[in-house]
Amino acid sequence: MFPFLEFCRNTQKSLSEFSKDYSKLPDDPTNQISLRLFFIMDFLQRFLPSNIDIAAGEIVDFTGRKSFKQDIVLYRSNYPVFRSPDYQNTYLLESVIATIEVLPRNKSIELKQAFINCASVKKLKPTKHNILANNSQDYMELKLRTVPKSFIFSYCNSVDQDEFLKLFQTAKKGTSGVVPDGVLILGDSAIYAQYDMFTQKTTFMTKDPFIHFFQHLFTIFMAEVSPSMILPDISAAIRYDFSNYFSDLDKQLIEIP
């Protein structure tokens, strides 16, 4: 069997078995933290490259606007992280590759809040960086890399496909049409909703949804390891300019003669 497929199927089985054990536990914050840790250790840490780190916290853009706290933040390890005494980490928008909200189950209220949390990231704005590319496709690929992708993962699905579509549309209305890049609902009626930023449409996949979820993440991470995998033109590049992050500071500085 091809290693990717074997990895996906073994991981899905492990996550599903853990979900069954979790369903017997009380629904409290401590157990939800255990869900996130299991997802990280039994899935993400098993294939993430060393230049990508995992944490939790909020994201800030150059205007000072912040996202809501994210369950999982996947960020480039060569960027600074701003840590506070209360362990609430803050990450520069351009340093974040993706965020993942981990839900114990797909209750409508939880799915709606997860959409809101993802939308708080997607509404942030990167500063104007100098993007060098010879064609529009490479330019758009690089520009999209300055904005994090957002995902939702739910361990348990107790509804069929039609019911999930209704829940998805209801959650979508709560964010004025802003949707995550991917939503995976595990369980007997597993489904993956993948958003295409170019067509601005969501495709709902019921055949091997976990594999589609993994493939989506894997493609994003491989672009970090080898940008030429997506951008064959080696002259395509981003020259980052973070000076706008300090614009308010510059205004406040007093020049001493």
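Start at 1 with the first residue, then count along the sequence.
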Step by step, work out the side chain to side chain contact (heavy atoms under 4.5 Å, CB included) result for Gln70 and Val121. CA-CA 9 Å; Gln70 305 295 305; Val121 175; 3.5 Å; yes
Would a 4.5 Å heavy-atom cut-off, applied to side chains only, mark [X] and [Y] as touching?
| X | Y | answer |
| --- | --- | --- |
| Phe43 | Phe153 | no |
| Leu186 | Ser19 | no |
| Leu103 | Ile152 | yes |
| Cys118 | Glu101 | yes |
| Asp160 | Phe164 | no |
| Pro180 | Tyr195 | no |
| Ser84 | Thr90 | no |
| Ile54 | Val73 | no |

If hydrophobic clusters are built by linking Ile, Leu, Val, Met, Phe, Trp and Tyr wherever their side-chain heavy atoms come under 4.5 Å apart, do [X] and [Y] end up in the same one?
| X | Y | answer |
| --- | --- | --- |
| Val102 | Phe68 | no |
| Val147 | Phe62 | no |
| Ile116 | Leu167 | no |
| Phe221 | Tyr192 | yes |
| Phe210 | Met41 | no |

Would the Phe39 and Phe18 ring centres measure less than 6.0 Å apart? no
Drop me the distance from [X]'s [atom1] to [Y]'s [atom2], to the nearest 0.5 angstrom.
| X | Y | atom1 | atom2 | value |
| --- | --- | --- | --- | --- |
| Lys122 | Phe115 | NZ | CZ | 10.5 Å |
| Ile211 | Cys8 | CD1 | SG | 5.0 Å |
| Lys149 | Ile100 | NZ | CD1 | 13.0 Å |
| Leu217 | Met222 | CG | CE | 13.5 Å |

Please confirm whether the backbone N or O of [Y] pairs with a side-chain atom of [X], one donor and one acceptor, at under 3.5 Å?
| X | Y | result |
| --- | --- | --- |
| Arg65 | Lys123 | yes |
| Asp42 | Phe38 | no |
| Ser16 | Gln12 | yes |
| Asp61 | Lys125 | yes |
| Gln161 | Thr206 | no |
| Glu94 | Thr127 | yes |
| His129 | Ile238 | no |
| Ser67 | Ile59 | yes |

Stepwise, does the side chain to side chain contact (heavy atoms under 4.5 Å, CB included) test hold for His216 with Asp181? CA-CA 9 Å; His216 198 174; Asp181 293 276; 4.2 Å; yes
For residues Gln113 and Asn117, is any side-chain donor paired with an opposing acceptor at under 3.5 Å?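 Side-chain D/A pair, Gln113 to Asn117: present.
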Looking only at the side chains, is there a donor atom on one of Asn51 and Ser77 sitting less than 3.5 Å from an acceptor on the other?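 No donor-acceptor contact under 3.5 Å links the two side chains.
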Which word best sums up how the rings of Tyr91 and Tyr75 line up, parallel for under 30°, tilted for 30 to 60°, or perpendicular for over 60°?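 Taking Tyr75 first and then Tyr91, their aromatic rings sit tilted (interplane angle of 30° to 60°).
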Salt bridge flag under 4.0 Å for residues Lys66 and Glu58: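 Yes, this pair counts.
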Taking the basic N atoms (NZ, or NE/NH1/NH2) and the acidic carboxylate oxygens, is any pair closer than 4.0 Å for Arg36 and Asp71?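 Yes, charged N to carboxylate O under 4.0 Å.
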Report the C-alpha distance between Val179 and Phe168 in whole Å, list the side-chain angles of each, state the deciding distance to 0.1 Å, and finish with yes or no for side chain to side chain contact (heavy atoms under 4.5 Å, CB included). CA-CA 9 Å; Val179 299; Phe168 188 96; 4.2 Å; yes
Run the side chain to side chain contact (heavy atoms under 4.5 Å, CB included) check on Arg76 and Ile52 step by step: do they pass? CA-CA 5 Å; Arg76 300 172 177 95; Ile52 299 175; 5.8 Å; no
Closest non-hydrogen atom pair between Thr99 and Val96, with its separation: CG2-CG1, 4.1 Å
